[in-house]
2 protein chains.
Amino acid sequence: MPRPKAFDEEAVLQKAVNLFWCRGYEATSVQDLVDGLGINRASLYDTYGDKRELYIKALEHYRDAEHNGFCQWMDQSRPAIDLLRDLFTGGIRQSVDDPQQKGCFLVNATIELAPHDPAIARIVAANQRTFEERLRQVIERGQREGSINRAHSAADLARFLFTTFTGLKVMSRARPDLSAMQAVMDVAMSTLQPID
Amino acid sequence: MPRPKAFDEEAVLQKAVNLFWCRGYEATSVQDLVDGLGINRASLYDTYGDKRELYIKALEHYRDAEHNGFCQWMDQSRPAIDLLRDLFTGGIRQSVDDPQQKGCFLVNATIELAPHDPAIARIVAANQRTFEERLRQVIERGQREGSINRAHSAADLARFLFTTFTGLKVMSRARPDLSAMQAVMDVAMSTLQPID
DNA sequence: CACTACGTGGAATGTTCGTTCCAAAACTAC
DNA sequence: GTAGTTTTGGAACGAACATTCCACGTAGTG
């Protein structure tokens, strides 16, 4: 039988997520990875392929974690409007509390790599569609419940919320100001108000 | 007297803007710059300092151009709400028409460099403040005119519009979909409606 | 026409890049 | 304990990196 790996593949992948998330793809060297992951060069290449493949695996790992978290969030039986507000406050808190100002890994990947790397572009575009679709479902529920107005279609509101959230994640990379972000959230949430 | 430069400093700087804007800082090598700018290595270093200084000069050049364009826009004597709508449609058109999907240079710089480069962070944060302040002025005018409601403060609406616009510029780097962007704009603009 | 001064072209600097390779260590199965 | 297989540590690879340097060319001045 082969000698077993001396490291936990997923734990190392999570470390890779943090490294790439923090500094981006180009600015993170393989040496940085070897140092930061605590594994050997050869193990890195044997286990994950090359640098780009590791980046993609890390990005997918991050996406899956976000996705799982979001699904748990979504399944709560509370008014849809409250869920959405919590989603924003959670994202804002995360941004404000992060001393490294990492923002959102998927947003960072979109900016740095999407226009020149079709594989990355496919991942971030698919994630966008998935995320908007799940938001749409929650919004539709809210519209049925009456906690969200019908002035705009659920699909358009979903796109809108996703875009605004993305904008906040950019802001959190430069100037993560709690009150400013909350103000943005309040205005964004006001589009859902069931005044109609 | 010295021999004059054989190139137009500002024209070359504009080329540098396009190169860095398109590929980012790390992915653009000095060789790319020498090839793309059409000037010699030595001239590049003599005239602009090193790579990072050239990037900063390019970023400032871009910011100044955007700033000038925005001021001209702002000074038109039309209802504020129309100005804001035109600002969005203009930004969306630019995004959709750009085959290189460059997005916004300042947004790209925020994501790639702001958390790790204080000089860049200062530039993008100052630009954010300036831009939001100018938006606030337009919105205040609209509130006085009655074309924009007073449900939120002009400052909050300005922050909100800036953030949403930023989100659109991220989207334009991955999936510049005209109708999706217009939908986002419509929802965002609905926060300004003078229904009150 | 010659002198001077600076821009220009391209070679050369040392460093770091991503990747590969190999001998030695480590672990399982017999 | 030994055989067999795979990970591991670290050296080694060529290519590309940002930057510097210098001889040459060219323009303006006296």
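Residue numbers start from 1 in every chain, and the chains themselves are labelled A, B, ... in the order their sequence lines are given, proteins ahead of strands.
For B:Asp186, the side-chain contact (heavy atoms from CB on, under 4.5 Å) partners two or more places apart in sequence, or in a different chain, are B:Arg85. For the side-chain contact (heavy atoms from CB on, under 4.5 Å) test, residues two or more places apart in sequence or in another chain that qualify with A:Glu145 are A:Pro79, A:Ala80, A:Arg141, A:Ser147.
Counting to the nearest Å, the C1' atom of C:dG9 and the CG atom of B:Leu37 are 16 Å from each other. A straight line from CG of B:Leu44 to P of D:dT20 spans 12 Å, rounded to a whole angstrom. Atom pair A:Tyr55:OH and C:dC17:P shows a separation of 18 Å (rounding to whole Å applied). In this structure, A:Asp35 atom CG and D:dG9 atom C1' are separated by 13 Å, rounded to whole Å. Between the CG atom of B:Asn40 and the C1' atom of D:dC24 there is a distance of 12 Å, rounded to whole Å. Straight-line distance from the CD1 atom of A:Ile39 to the P atom of D:dG9: 10 Å, rounded to whole Å. Counting to the nearest Å, the P atom of D:dT7 and the OH atom of A:Tyr48 are 12 Å from each other.
A sub-4.0 Å separation between OP1 or OP2 of C:dG7 and a side-chain N or O of B:Ser43 is absent.
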Can you give me the N/O atom pairs linking the protein to nucleotides 14-18 of chain D at distances under 3.5 Å, or say none if there are none?
residue, atom, partner, partner atom, Å
D:dA18, OP1, B:Val30, N, 3.4
D:dA18, OP1, B:Lys51, NZ, 2.9
D:dA18, OP2, B:Val30, N, 2.7

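Residues A:Asp35 and A:Gln31 have side chains that bring a donor and an acceptor to within less than 3.5 angstrom of each other.
Using bins of under 30°, 30° to 60° and over 60° for the plane-to-plane angle, the ring pair B:Trp21/B:Phe105 lands in the parallel bin. Using the six-membered ring where Trp is involved, A:Tyr55 and A:Phe20 have ring planes that are perpendicular, over 60° apart on the 30 and 60° scheme.
Counting only heavy atoms from C-beta on, B:Asp46 has its side chain closest to C:dG7 among C:dG7, C:dG9, D:dG9.
A salt bridge links B:Arg136 with B:Glu133; the closest basic N to acidic carboxylate O contact falls under 4.0 Å.
Place B:Gly38 and A:Arg52 on DNA chain C by their nearest nucleotides, and B:Gly38 ends up nearer the 5' end.
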